[in-house]
Amino acid sequence: MLNLKYIDELWVIIMNDEIIEEYELSNIVLLCKSNYGIIYKCLSNIYGDVVIKINMDRENFENSCKYYNSFKGLPLCDLYAYNHMNQVQVLKYINGKTLFDIDDFEKRVKLCYNYLKNWEHNLKIVDDNELSFETKTYDMLAHLKSSELSEKARNLLVDFDEAARNFFNKYNNCYLLHGDLHHDNMLYDGQQIIAIDLSPLKASFSIEIAKFIENELFQNVDEIDEKLNYILNIFNFDIITKEELLEGLFVDSCFRTFDSYLEGREDADLEHGINMNQRILKYIQKRR
């Protein structure tokens with residue numbers, strides 16, 4: 001079992017002796033902790049420099065372990081081993097910057113596009129409803145409709161509901177995706193981007209692309225039109241149109257905005273998210 005210790009009004013997982021002995025770990029450094037889990041950097045006598053990820057989400061842990069090998073050959077950090085009892089993954093340590101650490105917007109866009117083109121050429125169809133973004137979205141919409149929301153949030157919910165139903169009816173939502181390709185999960189080692197923190201998802205390929213675009217727009221809501229114009233000029237994919245890309249962007253952006261709000265995350269900013277989503281919708285409507 002995991003060792004638990006109560007610190008600063010939170011239950012925190014402490015690296016236990018069983019994990020240390022199993023993977024022969026030393027030089028243990030805590031990198032981060034959140035509601036999703038705890039991540040350490042360590043030296044393993046078996047594997048070398050590793051990241052130990054202790055996942056608090058059992059479903060995400062199981063899906064990640066189940067599908068990790070489906071991404072073999074793609075730029076995703078190696079999974080060396082895992083322990084089901086302790087929900088632990090032993091991953092290769094990647095020495096690189098996150099995309100947030102790259103100051104040049106155009107460079108970030110081009111790096112991400114080249115990376116995503118590689119993913120596109122290796123996409124697989126999956127038949128696993130447990131991974132379905134469509135199901136997750138409809139479950140969220142049902143929950144939100146019975147929640148107390150501001151008038152602005154309620155108005156966005158109407159647009160979100162309509163856009164989601166249209167999106168899932170029109171497009172192929174059966175691709176196996178990384179599921180969380182935002183800036184912090186894309187590490188640049190000076191030569192290529194390597195993804196971390198796999199969260200398998202079944203959805204349109206546009207949903208894979210959306211996370212990166214949302215991070216870019218969230219930081220600069222007043223520049224949404226200019227940024228989207230530039231990104232769409234660069235992002236040309238074979239299996240999705242720009243219309244699907246934009247519609248998927250709006251659906252996923254609404255999902256993330258409401259998801260952060262429902263989880264009560266510290267970085268959740270519902271008003272800011274609503275503003276961004278409304279501007280994305282206006283951009284889409286102007287293009288039609």
Side-chain angles (χ1 to χ4, degrees), residues 1-8 10-102 111 115 118-119 122-124 126 128 130-131 176-201 208 211:
M1 297 294 292
L2 293 172
N3 294 329
L4 296 175
K5 188 174 181 180
Y6 198 63
I7 301 176
D8 297 331
L10 292 171
W11 284 105
V12 176
I13 299 175
I14 306 302
M15 181 78 77
N16 64 32
D17 292 339
E18 178 186 337
I19 297 171
I20 293 171
E21 292 172 5
E22 182 174 0
Y23 303 115
E24 300 180 23
L25 303 177
S26 61
N27 300 346
I28 300 170
V29 177
L30 177 65
L31 292 182
C32 66
K33 59 183 179 180
S34 70
N35 293 335
Y36 303 107
I38 295 193
I39 297 176
Y40 299 90
K41 179 183 181 296
C42 313
L43 175 63
S44 166
N45 285 339
I46 303 172
Y47 303 111
D49 288 331
V50 297
V51 164
I52 300 293
K53 180 180 179 182
I54 304 176
N55 200 323
M56 297 298 290
D57 184 334
R58 167 62 74 174
E59 180 181 356
N60 180 269
F61 169 77
E62 296 291 350
N63 286 334
S64 176
C65 293
K66 178 180 178 180
Y67 283 101
Y68 220 96
N69 286 337
S70 298
F71 296 91
K72 283 287 187 184
L74 289 168
L76 177 69
C77 73
D78 294 334
L79 173 65
Y80 293 134
Y82 51 86
N83 180 306
H84 281 282
M85 179 177 293
N86 292 313
Q87 293 174 214
V88 167
Q89 290 180 320
V90 183
L91 300 145
K92 181 178 181 179
Y93 174 73
I94 305 299
N95 185 16
K97 300 178 178 180
T98 72
L99 287 193
F100 274 130
D101 295 321
I102 298 173
L111 281 170
Y115 182 80
N118 193 16
W119 278 96
N122 291 276
L123 282 172
K124 299 178 176 66
V126 64
D128 187 339
E130 289 186 9
L131 304 181
L176 177 62
L177 309 181
H178 173 285
D180 204 18
L181 277 180
H182 58 72
H183 288 50
D184 283 332
N185 286 342
M186 301 173 76
L187 302 184
Y188 179 58
D189 65 3
Q191 295 182 326
Q192 65 174 338
I193 290 175
I194 301 172
I196 61 172
D197 204 13
L198 181 67
S199 300
L201 194 67
E208 190 83 287
K211 309 292 189 299

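Everything numeric in this text was worked out from a predicted model, so none of it was measured.
Taking CG of Leu177 as the reference point, atom OH of Tyr67 lies at 12.0 Å (rounded to 0.5 Å). How far SG of Cys77 is from CG of Leu91: 4.5 Å, rounded to the nearest 0.5 Å. Here NZ of Lys97 is found 16.0 Å from CE of Met186. Values are rounded to the nearest 0.5 Å. We find the CD-SG distance between Glu24 and Cys42 to be 13.0 Å, quoted to the nearest 0.5 Å. To the nearest 0.5 Å, atoms CD (Glu62) and OH (Tyr82) are separated by 9.0 Å. Rounding to the nearest 0.5 angstrom, the gap separating the CG atom in Leu79 from the CG atom in Asn69 is 7.5 Å.
Checking side-chain atoms of Gln87 against main-chain N and O of Asn55 turns up a donor-acceptor pair under 3.5 Å. At distances below 3.5 Å, at least one donor-acceptor pair connects side-chain atoms of Tyr115 with backbone N or O atoms of Pro75. For Lys124 (side chain) and Ser70 (main-chain N/O), a donor-acceptor pair under 3.5 Å exists by modelled atom type. Side chain of Asn185 to main chain of Asp180: a donor-acceptor pair is present (N/O by atom type, distance under 3.5 Å, no hydrogens or angles). Looking at Glu208, its side chain does come within 3.5 Å of a backbone N or O of His178 through a donor-acceptor pair. Not one N or O on the side chain of Asp78 forms a donor-acceptor pair closer than 3.5 Å with the backbone of Tyr80. Here the side chain of Asp101 pairs a donor or acceptor atom with the backbone of Thr98 at under 3.5 angstrom.
Residue-environment remark: CD (Glu130) stays at or below the threshold of 12 foreign heavy atoms within 6.0 Å.
Between Ile196 and Asp184, the shortest heavy-atom distance links the atoms CD1-O, 3.8 Å. Closest approach of Cys65 to Gln89, counting heavy atoms only: SG-NE2, 3.4 Å.
Between Ser64 and Pro200 there is a side-chain heavy-atom pair separated by less than 4.5 Å. Residues Phe61 and Lys53 form no side-chain contact, since every pair of their non-hydrogen atoms from C-beta on lies 4.5 Å or further apart. Ile193 places a side-chain heavy atom less than 4.5 Å from the side chain of Leu99. At a threshold of 4.5 Å between non-hydrogen side-chain atoms, the residues Glu18 and Asn83 count as touching. The closest side-chain heavy-atom distance from Gln192 to Asn118 is not below 4.5 Å.
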Val88/Ile52 under side-chain contact (heavy atoms from CB on, under 4.5 Å): CA gap, chis, key distance, verdict: CA-CA 7 Å; Val88 167; Ile52 300 293; 3.9 Å; yes
So Leu176 and Phe71, side-chain contact (heavy atoms from CB on, under 4.5 Å) or not? Walk me through it. CA-CA 9 Å; Leu176 177 62; Phe71 296 91; 3.7 Å; yes
Using a 3.5 Å cut-off and no angle test, enumerate the donor-acceptor pairs between side-chain atoms of residues 43-50 and protein atoms at least two apart in sequence or in another chain.
residue : atom : partner : partner atom : Å
Ser44   : OG   : Tyr23   : O            : 2.8
Ser44   : OG   : Ile46   : N            : 3.1
Ser44   : OG   : Tyr47   : N            : 3.1

